[in-house]
Peer 1: 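What follows is a single structure, and I will ask about it in a moment.
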Amino acid sequence: MDNEANKESKGAKRYLITSALPYANGLKHIGHLAGAYLPADIYVRYLRAQKRDVVFVCGSDEHGTAIPIQATKEGTTAKAIIDKYHPIIKQNFEDLGISFDIYHRTSEPLHHETAQEFFSYLNNEGALELLASEQYYDPEVKTFLADRYIKGTCPNCGFESAFGDQCERCGTSLSPDMLINPVSTLSGKVPELRPTQHWYLPLNRHEEWLREWILNEHKSDWRTSVIGQCKSWIDGGLQPRAVTRDLDWGIKVPLPEADGKVLYVWFDAPIGYISATKQWAIDNNKDWKPYWYDKDTKLVHFVGKDNIVFHCIIFPVMLKLHGNIVPQNVPANEFMNLEGDKMSTSRGWSIEMDDYINDWIKKENGGPQLADTLRYYLTAIAPESKDSEFTWKGFQDANNSELGNIFGNFVNRAFVLMHKLCNGKVPPLHNELLDETDKAIIEDIKNAKAKVENLLEQYKFRDAQFEVIELSRKGNQYMQKKEPWIVAKKLAEQPEVQKQIDNCLHLCLQLTANLAVLINPFLPFTAKKMLHMMKVVDKMLDWENAGKIKLLSAGYSLRSPELLFRKIEDEEIKTQLEKLKAAVKSKEAAKEVAAETAAATEVQKEAVAVKPEIQYDDFAKLDFRVGTIISAEKVAKADKLLQLQVDLGFEIRTIVSGIAMHFKPEEIVGKQVTVVANLAPRKMRGIESNGMILMAEDAAGKLHFINPEITIDNGASVS
RNA sequence: CGCGAAGUAGAGCAGCGGUAGCUCGUCGGGCUCAUAACCCGAAGGUCAGAGGUUCGAACCCUCUCUUCGCAACCA
């Protein structure tokens, strides 16, 4: 396995690494970071340190139906939304040290051209199918509806709010036409079916090679969860997948007969990797083609588990049809929970990258070391094989204990002792005095490189990072065994013990230099800071230097140490926990307000909406009379009904009225009211009602009688 | 109801057929160069329960119990 991994990577001439393109419709949280961006960045930094030819691309995904719809809701434009979020997300990544070579965007003309070319190529090759179908259309919003914007009753379990793509209750996969009583969630109206035609990618034609490629060739080097999900997809039968949609937001289908159609976002988005590579090549005066066409290029997609089939099945099919290379691996991560619950932006239960940056990195006692703290903890709990959990307490522990006490403190001890016992210079190494303990730590340094390297090649970032901390732990143990501060007490009488001190600190400093090289892919800001303390240039971080004990020359004077990591106090953790709870509450409140507003608007609409016009004759048919309530009693077994006797002057009527929730029987006796006198009799709860009392309903839903200003004769007619 | 995930030391996790392991925490000791840090040692688990397969099971199979999720987003 180890050999295979090495062979695989050493055979590659160049690397193309991608992270899933984030949707530019809102801020991204640390779960996204841990899943697709941080591991990719670690991998890329490692490759760069090895001087391999590597390009790391990403960018904003700015198409897709959610963006224009959200824009409509917010009363702004789709363009405004992506222009707002693209730069923020880009900056967030930069602040956290995610070192994309380019962070492109799919709204760029270059991307539009690239995607259109891709489509045309496939279409000309006969790789696509044109199929006619009927799709739901909302005449009010004048748009075809995306599956999840249609709700209706699930044909399987009867759940009334099933989405057009899936029932949230029974989990059945649906298509909109399966829904009973479909309703557009945009307008609330019943959508109508309209004929349309679309281009499809017939995945079913490619089952054979996909099976061979994924389930056979990659069965041992891809993650089990990835293989499992692909297998269940393939076994479930691959279906043709629509490549185009009837929308106006997106990339125009480059055919004259396709007016009003755009490429489906899933088709254009991954092509964003290609257009980003092109733009990078232009900016850097390079040729982009080998990265996508040469089989010596190793393509790796870093994604979250929700993205597996797109990167393992659909996009590879597209690439293959287009003559490109396919990915060598798709190391997908599972999800990261937060304090016992799933992360959810809408519920406020998440830590957005932007928030973390403002609360920690940009604080006065913050700085880039806090970016590294987050990187460290997210990697330490990375959901590589199953969902994991972020807790603020865990974050604090990881920082204070592993980073501060073990790693940071070791570096600090080495420097302080060197300044105290070796005049601030790297002491010489006296080979003749090396003992077993010294040899063991030298061995540990060498082994650490191999361990980290092997784990990284297998995308085991969590374990790889652990090995680096483990090396600093060994450093602490070594120092404790050697006790140079004790040896120093003998100096006055035995000056020759200085050599023992020299050896110990020489090795501790070499170990420190190794730590900088090894930690660099994980914690780049820390590595930088260590370079500064050691007064060496960036070049020392080259991976080939790892495992060596000649990184610092004897006699070289080093700077005074600075603490690599500050402690995180309980107070700070408490603040974050409270903030989290407060965020949930405010979101809940906002939702209630929104719901109330929506309800109120609904009522208003109803109130405003006037019934269809009628003619005078229709009105003349109604016979309104004034009458007086002479008795009232509750109807048994009916919450809302009162049985009334109303004196209409010429007769006394029994009328059953649904006003019990608003009036007590005794308080309405004697009231004058307006009655519809010629309404056909109707039985309610076994009592025949002969007429109706007119009522007006106020905004609060309270009923009020309609009656003459002053008491007049019973039986008077109203018109 | 159904689907999915999971139940291993106080907490968080690894192990997935061959004598139960890591980090943090706790307790005891050492050291005092260091960010009240570091080093050594110890306690603490019948690996949810019950059956079964096997020479042997935390790991495979069956059943039971319990917990969590099924919100958003989605390529």
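For clarity, every value in this text was computed on a predicted model and none was experimentally measured.
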Peer 1: Are the charged groups of A:K482 and A:D438 less than 4.0 angstrom apart, N to O?
Peer 2: yes
Peer 1: I'd like to check the side-chain contact (heavy atoms from CB on, under 4.5 Å) partners of A:V497; sequence neighbours left out, ordered by chain and number.
Peer 2: A:V487, A:K490, A:L491, A:Q494, A:Q500
Peer 1: Could you work out which one of B:U23, B:C31, B:C33 sits closest to the side chain of A:R473?
Peer 2: B:U23
Peer 1: Could you tell me the separation between the NE2 atom of A:H63 and the P atom of B:C74, rounded to a whole number of Å?
Peer 2: 14 Å
Peer 1: Quick one: on RNA chain B, does A:S388 or A:K481 contact a more 5' nucleotide (nearest heavy atom)?
Peer 2: A:S388
Peer 1: Consider the side chain of A:N412, meaning its heavy atoms from C-beta on, and name the nucleotide among B:A34, B:C13, B:C38 that approaches it most closely.
Peer 2: B:A34
Peer 1: Among the candidates B:U32, B:C38, B:C22, find the nucleotide nearest to the side-chain atoms of A:R413.
Peer 2: B:C38
Peer 1: Would you mind pulling out the nucleotide paired to B:G2, Watson-Crick or G-U wobble, both distances under 3.5 Å?
Peer 2: B:C70
Peer 1: In terms of side-chain heavy atoms of A:N476, which of B:U32, B:A34, B:C38 is nearest?
Peer 2: B:C38
Peer 1: Between B:U23, B:C24, B:U35, spot the one nearest the side chain of A:E402, thanks.
Peer 2: B:U23
Peer 1: For a quick check of understanding: with a heavy-atom distance under 4.0 Å over all strands, which category does A:Y273 fall into, base, sugar-phosphate or nothing?
Peer 2: base
Peer 1: Just checking A:L564: base, sugar-phosphate only, or nothing, at a heavy-atom cut-off of under 4.0 Å?
Peer 2: base
Peer 1: Are the side chain of A:E62 and the backbone of A:Y23 linked by a donor-acceptor contact shorter than 3.5 Å?
Peer 2: no
Peer 1: If you look at every strand shown and take non-hydrogen atoms under 4.0 Å, does A:G404 touch a base, only sugar-phosphate, or nothing?
Peer 2: base
Peer 1: If you look at every strand shown and take non-hydrogen atoms under 4.0 Å, does A:W266 touch a base, only sugar-phosphate, or nothing?
Peer 2: sugar-phosphate
Peer 1: Between B:C59 and B:G52, how far apart are the C1' atoms? Round to whole Å, please.
Peer 2: 15 Å
Peer 1: Looking only at side-chain atoms of A:N405, point me to the closest of B:C38, B:U23, B:C33.
Peer 2: B:C38
Peer 1: Do the side chain of A:Q369 and the main chain of A:R566 share a donor and acceptor less than 3.5 angstrom apart?
Peer 2: yes
Peer 1: Distance check needed: B:A37 C1' versus A:N399 CG, whole Å only.
Peer 2: 14 Å
Peer 1: Give me the distance, rounded to whole Å, that separates B:G17 from B:G29 when you measure between the C1' atoms they each carry.
Peer 2: 40 Å
Peer 1: So, does A:R375 use its side chain to make a donor-acceptor pair with the main chain of A:F522 at under 3.5 Å?
Peer 2: yes
Peer 1: A:H111 and A:T106: side-chain donor and acceptor closer than 3.5 Å?
Peer 2: no
Peer 1: Provide the distance between the two C1' atoms, one in B:U67 and one in B:C27, to the nearest whole Å.
Peer 2: 32 Å
Peer 1: From CD1 of A:I486 over to C1' of B:G30, roughly how many Å is that when rounded to an integer?
Peer 2: 10 Å
Peer 1: Mind checking if A:D61 touches a base, just sugar-phosphate, or nothing, with heavy atoms under 4.0 Å?
Peer 2: base
Peer 1: What integer distance in Å separates A:E483:CD from B:C39:C1'?
Peer 2: 9 Å
Peer 1: Please tell me which of the listed nucleotides, B:U23, B:A34, B:C74, lies nearest to the side chain of A:Y23?
Peer 2: B:C74
Peer 1: Return the nearest nucleotide to the side chain of A:K420; candidates are B:C13, B:A34, B:C39.
Peer 2: B:A34
Peer 1: Heavy atoms under 4.0 Å, any strand shown: does A:I469 hit a base, just sugar-phosphate, or nothing?
Peer 2: nothing
Peer 1: What is the distance from CG of A:L421 to C1' of B:A34, rounded to the nearest Å?
Peer 2: 12 Å
Peer 1: By the 4.0 Å heavy-atom rule, please label A:F565 as base, sugar-phosphate, or nothing.
Peer 2: base
Peer 1: Between B:C31, B:C24, B:C13, spot the one nearest the side chain of A:R462, thanks.
Peer 2: B:C13
Peer 1: Which part of the nucleic acid, if any, lies within reach of A:K489 when heavy atoms closer than 4.0 Å are counted: base, sugar-phosphate only, or nothing?
Peer 2: sugar-phosphate
Peer 1: So, applying side-chain contact (heavy atoms from CB on, under 4.5 Å) with A:H301, which one of A:I308, A:V330, A:N329 is it?
Peer 2: A:V330
Peer 1: Has A:Q477 got a side-chain N or O lying under 4.0 Å from the OP1 or OP2 atom of B:C40?
Peer 2: yes
Peer 1: I need the CD-P distance between A:E352 and B:C73, as an integer number of Å.
Peer 2: 15 Å
